Visitor: 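Have a look at this one.
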There are 2 protein chains.
Amino acid sequence: MSKSSTNLTIKDIAKLSGVSKSTVSRVINHDPMVKESTRNKVMAIVEKYQFTPSKSARAMRGYGNKVIGIIVTRLDSISENHAVQSMLPIFYANGYDPIIIESQFSAAKVAEHLTMLREKQADGIIVFAFTGLDSSLLTVWQHKCVVIARPFPAYSCICYDDIGAVNKALTYLYQSEKHKKIGFIGVDKQDQTTGGLRYQAYIDFCTAYKIQANAVLGNLSYYSGYELAESVLVHSPTAIVCATDSIALGLNKLLSEKNINNIVVISIGSSELLNFLFSQTITVDLGFDKAGIYAANELLLMLEKQVNAKIITVPSQLLK
Amino acid sequence: MSKSSTNLTIKDIAKLSGVSKSTVSRVINHDPMVKESTRNKVMAIVEKYQFTPSKSARAMRGYGNKVIGIIVTRLDSISENHAVQSMLPIFYANGYDPIIIESQFSAAKVAEHLTMLREKQADGIIVFAFTGLDSSLLTVWQHKCVVIARPFPAYSCICYDDIGAVNKALTYLYQSEKHKKIGFIGVDKQDQTTGGLRYQAYIDFCTAYKIQANAVLGNLSYYSGYELAESVLVHSPTAIVCATDSIALGLNKLLSEKNINNIVVISIGSSELLNFLFSQTITVDLGFDKAGIYAANELLLMLEKQVNAKIITVPSQLLK
DNA sequence: TTGTATGCGTTATCAA
DNA sequence: TTGATAACGCATACAA
């Protein structure tokens with residue numbers, strides 16, 4: 001095996017430039033105590049051979065190889081993308097290497113990735129939770145872990161304002177616009193937050209204000225919104241609340257096909273695309289980008305010093 | 001500083017289980033030469049303290065820390081997402097840790113990320129190219145780099161079938177459906193591929209078949225498609241080719257608003273959303289997922305053995 | 001079957 | 001201002 005193929009080490013550079021290892025180390029670490037001339041001499045060799053110190057060796061010396069694992073459900077989830085986009089710069093700025101992986105809504109995959117991250121000695125992780133993910137998987141990471149979208153007890157979590165968002169939507173419709181017949185297209189209650197919480201908020205509002213509930217639950221896809229719309233329309237609502245922007249897309253498609261334009265659509269979750277395509281839709285922004293910022297900062301805090309698990313709810317905002 | 005906070009080392013485990021470092025090392029490396037009883041003894045301690053050997057230390061011993069950098073333009077680009085999604089499993093399967101970073105269409109950011117990756121001693125990189133990215137940035141990586149979406153000379157590149165896709169669309173419209181007045185909404189030619197190539201293919205087809213060109217160029221957003229549509233409609237086309245699915249979304253919105261439904265829309269790029277919302281739109285699939293597979297395999301090949309730079313064009317496919 | 005000693009590429013501590 | 005040398009955590013050739 002020829003030496004040429006393998007990477008140069010600080011020892012080689014030392015030999016090449018006629019100084020000792022330590023001097024080379026000083027030069028590449030910008031130690032001010034080296035003489036100008038020797039620095040130049042060494043730097044020349046460093047440049048010439050494109051030398052970079054072995055990251056692993058440095059890491060071993062405590063120059064931490066800091067890495068954060070980010071487990072998203074799907075790479076192409078708009079909401080998670082926004083959150084990730086806003087946390088990346090924060091991690092970079094603090095010298096962490098974020099490594100992004102997909103769980104594809106499979107707890108088994110999460111487990112797999114988690115051991116991978118443990119082997120890689122990740123310093124901390126961000127997990128986008130989903131139905132079927134159990135907090136027991138995370139026990140090892142409890143103190144260096146931020147969970148997004150689910151309130152796991154004893155974990156630091158960033159949650160969306162599911163209840164508040166639905167209330168804001170309903171309050172607007174009921175108080176400001178005097179709607180009395182308000183429908184709801186949601187997600188199966190097996191999904192605790194997007195499904196259960198948002199649905200329950202709708203039901204509670206209905207009972208509180210004595211209005212007739214008209215809800216139907218399906219899944220997260222726009223197909224679901226499209227297909228379920230009919231059964232809500234049957235009761236001739238004047239407004240419909242959609243639990244997600246995908247559902248709102250589906251509903252809007254149906255309304256547009258049927259040339260119905262006297263029904264107010266309001267969506268929990270505000271995507272650029274929805275606002276563009278169906279600009280008359282009122283949306284409630286859940287603050288995905290803020291969630292990313294909160295999550296990153298919270299994790300950094302946890303890693304820096306012992307800090308109590310806390311649940312942060314990202315404020316929602318009605319946009320009209 | 002208490003020892004409890006810092007991670008255990010193989011030395012600690014050795015002490016705890018009353019054997020030597022080497023024996024512990026043998027156990028965790030599944031050396032068959034260790035006695036059953038000692039193995040159990042050591043494993044017990046390992047389990048108890050959740051010990052994992054320092055990755056950096058073993059990396060230094062040659063147990064390579066293989067990493068691949070993937071530089072996407074934007075995390076929320078649908079097309080790049082698909083490509084990344086299909087390459088990730090391949091890298092995992094081959095023991096590489098993919099680390100994903102965003103360039104945000106900035107060459108400066110790419111440069112920055114590139115030095116980061118060099119410091120991290122990444123073994124190879126995948127770069128999603130964009131207008132303004134110069135191949136000179138990549139020279140250091142030339143032999144361990146796959147470029148996507150641009151044909152950089154002397155680099156291994158995965159390109160989309162821009163010209164073929166447009167031709168397939170036009171051929172279908174002209175030959176099978178006998179359209180004579182075909183419009184085109186594209187992207188500024190400064191974007192060499194999506195912009196220049198697709199536009200040129202349109203123009204070439206028009207001249208070849210002696211049909212009146214009716215094209216307008218803007219940017220990649222759906223707003224652009226929406227706004228430019230008017231000036232194409234002025235010449236009353238019976239079909240319109242859109243250079244991207246975003247543009248097609250914008251165009252479709254306008255057509256739907258104006259209640260125009262006798263114009264055939266055909267989109268280069270086939271997204272799930274476009275097919276759902278405007279299912280009458282004909283689409284040409286550019287094969288983003290295939291591109292990911294090609295890219296990953298090609299890179300692995302390059303890293304394994306010296307291999308000539310080659311350009312792979314992903315076949316496109318008309319869907320109707 | 002196990003322990004000892006050595007080296008991997010760095011940085012830090014000491015002496016010179 | 002520089003150089004020798006000892007760590008860091010691990011794997012392994014060699015000795016026992």
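Lettering follows sequence order; numbering is per chain, from 1. Every value quoted in this text rests on a predicted model; they were computed, and no experiment measured them.
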Visitor: Under the criterion side chain to side chain contact (heavy atoms under 4.5 Å, CB included), which of F128(B), F152(B), F105(B) is the partner of L133(B)?
Guide: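 Among the candidates, only F152(B) passes.
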Visitor: List in chain and number order the residues that pass side chain to side chain donor-acceptor pair (under 3.5 Å) with D289(A), two or more places apart in sequence or in another chain; answer none if no residue qualifies.
Guide: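 If we apply the side chain to side chain donor-acceptor pair (under 3.5 Å) test to D289(A), skipping adjacent residues, there are no hits.
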Visitor: Suppose we screen for side chain to side chain donor-acceptor pair (under 3.5 Å). Which residues come up paired with S37(B), at least two apart in sequence or across chains?
Guide: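 None.
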Visitor: Would you classify S54(A) as touching base, sugar-phosphate or nothing, given that sugar-phosphate means primed atoms plus P, OP1 and OP2, and contacts are heavy atoms under 4.0 Å?
Guide: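 Here S54(A) touches the backbone only, sparing every base.
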Visitor: Return yes when atom CD of Q190(B) has more than 12 non-hydrogen atoms of other residues, nucleotides or ligands closer than 6.0 Å, and no otherwise.
Guide: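 Open.
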Visitor: Between residues 34-45 of chain A and DNA chain D, which residues have a heavy-atom gap below 4.0 Å?
Guide: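 Hits under 4.0 Å, by residue number: V34(A), K35(A), T38(A).
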Visitor: Look at all strands and tell whether V19(A) reaches a base, only sugar-phosphate, or nothing, counting heavy atoms closer than 4.0 Å.
Guide: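 Sugar-phosphate contact only - V19(A) comes under 4.0 Å of backbone atoms but never of a base.
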Visitor: Under the rule for salt bridge (charged side-chain N to carboxylate O under 4.0 Å, His left out), what residues qualify as partners of R150(A), not counting sequence neighbours?
Guide: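 In terms of salt bridge (charged side-chain N to carboxylate O under 4.0 Å, His left out), with neighbours along the sequence ignored, R150(A) is linked to D191(A).
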Visitor: Using the side-chain hydrogen bond (donor to acceptor under 3.5 Å, both in side chains) rule, collect all pairs that involve residues 70-83 of chain B, keeping only residues at least two apart or in two chains.
Guide: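 Residue pairs with at least one partner in residues 70-83 of chain B: T73(B)-E80(B), R74(B)-D76(B), S77(B)-S79(B).
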Visitor: Between N or O atoms, less than 3.5 Å apart, protein on one side and nucleotides 4-8 of chain C on the other: list the pairs.
Guide:
from	atom 1	to	atom 2	distance (Å)
dT4(C)	O4	S22(B)	OG	3.1
dG7(C)	N2	R61(B)	NE	3.4
dG7(C)	N2	R61(B)	NH1	2.7
dG7(C)	N3	R61(B)	NH1	3.2

Visitor: Measure the spacing between CE of M43(A) and OG1 of T38(A) and express it to the nearest 0.5 Å.
Guide: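 The CE atom of M43(A) sits 12.0 Å away from the OG1 atom of T38(A).
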Visitor: Any side-chain heavy atom of F51(A) within less than 4.5 Å of one from P53(A)?
Guide: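 Side-chain contact under 4.5 Å: yes.
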Visitor: Could you state the CG-P distance from D31(B) to dT12(D), rounded to the nearest angstrom?
Guide: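 One finds 9 Å between P of dT12(D) and CG of D31(B), rounded.
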Visitor: dG3(C) C1' sits how many Å from I13(B) CD1, rounded?
Guide: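 Nearest whole value for this atom pair: 18 Å.
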